[in-house]
Amino acid sequence: MAKHYWLMKSEPEEFSIDDLQRVGSEPWSGVRNYQARNFMRDEMKPGDGVLFYHSNATPPGIAGIARVDGEPYADPTQFDPESDYFDPKSSPENPRWQLVNLRFERKLKRLITLDEIKQHAEALGDFALLRRGNRLSVMPVEKAQWNYLLNLE
DNA sequence: GCCAACGTTGGC
DNA sequence: GCCAACGTTGGC
């Protein structure tokens, strides 16, 4: 079974790499985009590597590494009328949204900024993060891209 | 705060 | 099924 690599965005004011370090493992609730869900539901395996990206930050960039912690399961917030992520069209019998837990692995020695990543666009090849207008919060990363990015650290 | 990009919704 | 309106993302 091929191991996969990912990049997942989080706004550090909401949930940062330091928050992940503090709690150890965190259910990645609230993803309400089908493409992102499909990656989590269909392709993520326990132990997959995750680049933890700080979006809407100054500056934005890759802040740390996490691991997929366990198998995908139904996002409980979709059934909670009190939650911002409540989805009245979903039900426990037929859940619409799946998530995985992320486990903290380590912070990078330094932030690898979006600006710096852009400078390596040619070497990285087709990288989802750099595609024009990309807003996906969960995206695949090739093993070669993973290695290349971490060599910048 | 602005705004381009783009996903979703809902009327028809 | 089309597509205009609307909401969100996220860099700047």
Side-chain angles (χ1 to χ4, degrees), chain A residues 4-23 26-44 48-69 72-142 145-146 148-153:
Chain A
H4 290 161
Y5 297 90
W6 308 95
L7 182 146
M8 295 171 77
K9 296 177 183 171
S10 184
E11 303 196 13
E13 289 198 6
E14 299 295 322
F15 193 86
S16 71
I17 189 72
D18 292 317
D19 294 322
L20 186 63
Q21 181 169 29
R22 190 174 320 116
V23 299
E26 176 75 5
W28 212 245
S29 56
V31 171
R32 295 293 180 268
N33 170 283
Y34 289 103
Q35 213 179 337
R37 176 206 66 182
N38 291 347
F39 286 136
M40 291 198 287
R41 183 188 65 185
D42 303 333
E43 298 191 41
M44 282 193 183
D48 278 1
V50 177
L51 298 172
F52 195 99
Y53 178 89
H54 282 173
S55 65
N56 252 322
T58 49
I62 299 166
I65 297 175
R67 295 281 164 188
V68 174
D69 192 18
Y73 60 98
D75 181 345
T77 63
Q78 69 194 305
F79 310 127
D80 176 7
E82 301 298 308
S83 170
D84 287 344
Y85 303 123
F86 178 61
D87 184 346
K89 293 176 183 167
S90 191
S91 66
E93 296 71 33
N94 189 18
R96 177 179 290 195
W97 304 108
Q98 300 277 120
L99 54 67
V100 296
N101 281 33
L102 290 191
R103 173 162 293 282
F104 178 81
E105 179 157 311
R106 67 179 179 91
K107 291 173 71 171
L108 297 193
K109 298 186 200 85
R110 65 181 187 86
L111 188 77
I112 298 175
T113 64
L114 177 61
D115 186 59
E116 184 176 357
I117 295 167
K118 284 177 177 172
Q119 292 170 25
H120 293 273
E122 199 168 335
L124 286 165
D126 184 25
F127 188 34
L129 185 70
L130 300 181
R131 280 184 209 141
R132 189 156 174 266
N134 164 66
R135 296 183 313 164
L136 261 187
S137 62
V138 177
M139 64 187 73
V141 177
E142 298 294 323
Q145 293 169 334
W146 170 278
Y148 187 92
L149 289 164
L150 291 181
N151 278 332
L152 297 176
E153 186 180 359

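Each chain gets a letter, A, B and so on, in the order its sequence line appears, and its residues count up from 1.
With salt bridges taken as basic N to acidic carboxylate O contacts below 4.0 Å, none links A:Asp115 and A:Lys118. Salt-bridge check for A:Arg32 with A:Asp75: passed, with a basic side-chain N closer than 4.0 Å to an acidic carboxylate O.
Between A:Asn56 and A:Glu11, the shortest heavy-atom contact is ND2-OE2, 3.2 Å.
Checking C:dG10, B:dT9, B:dA5 against every side-chain atom of A:Ser55, the shortest atom distance belongs to C:dG10. Picking from C:dG11, B:dA5, B:dT9 the nucleotide with the shortest atom distance to the side chain of A:Pro60 gives C:dG11. Minimum atom distance to the side chain of A:Asn56 is reached by C:dG10, of the listed C:dG10, B:dA4, B:dT8.
Distance CZ (A:Arg131) to C1' (B:dA4): 18 Å, rounded to an integer number of Å. Distance CG (A:Asn134) to P (C:dC12): 13 Å, rounded to an integer number of Å. At whole-Å resolution of the value, CZ in A:Arg132 and P in B:dC6 are 7 Å apart. Rounded to whole Å, the distance from NZ on A:Lys89 to P on B:dT9 is 5 Å. At whole-Å resolution of the value, CG in A:Leu129 and P in C:dG11 are 8 Å apart. In this structure, the CZ atom of A:Arg135 is 6 Å from the C1' atom of C:dT8, given to the nearest Å. Note: CG (A:Asn33) to P (B:dT9) measures 11 Å, nearest angstrom.
Residue A:Lys9 has no polar side-chain atom (N or O) positioned under 4.0 Å from OP1 or OP2 of C:dG11. Phosphate proximity of C:dT9 to A:Tyr53: absent, as no side-chain N or O sits under 4.0 Å from OP1 or OP2.
Across all strands shown, A:Leu136 has heavy atoms under 4.0 Å from sugar-phosphate atoms exclusively, and none from any base.
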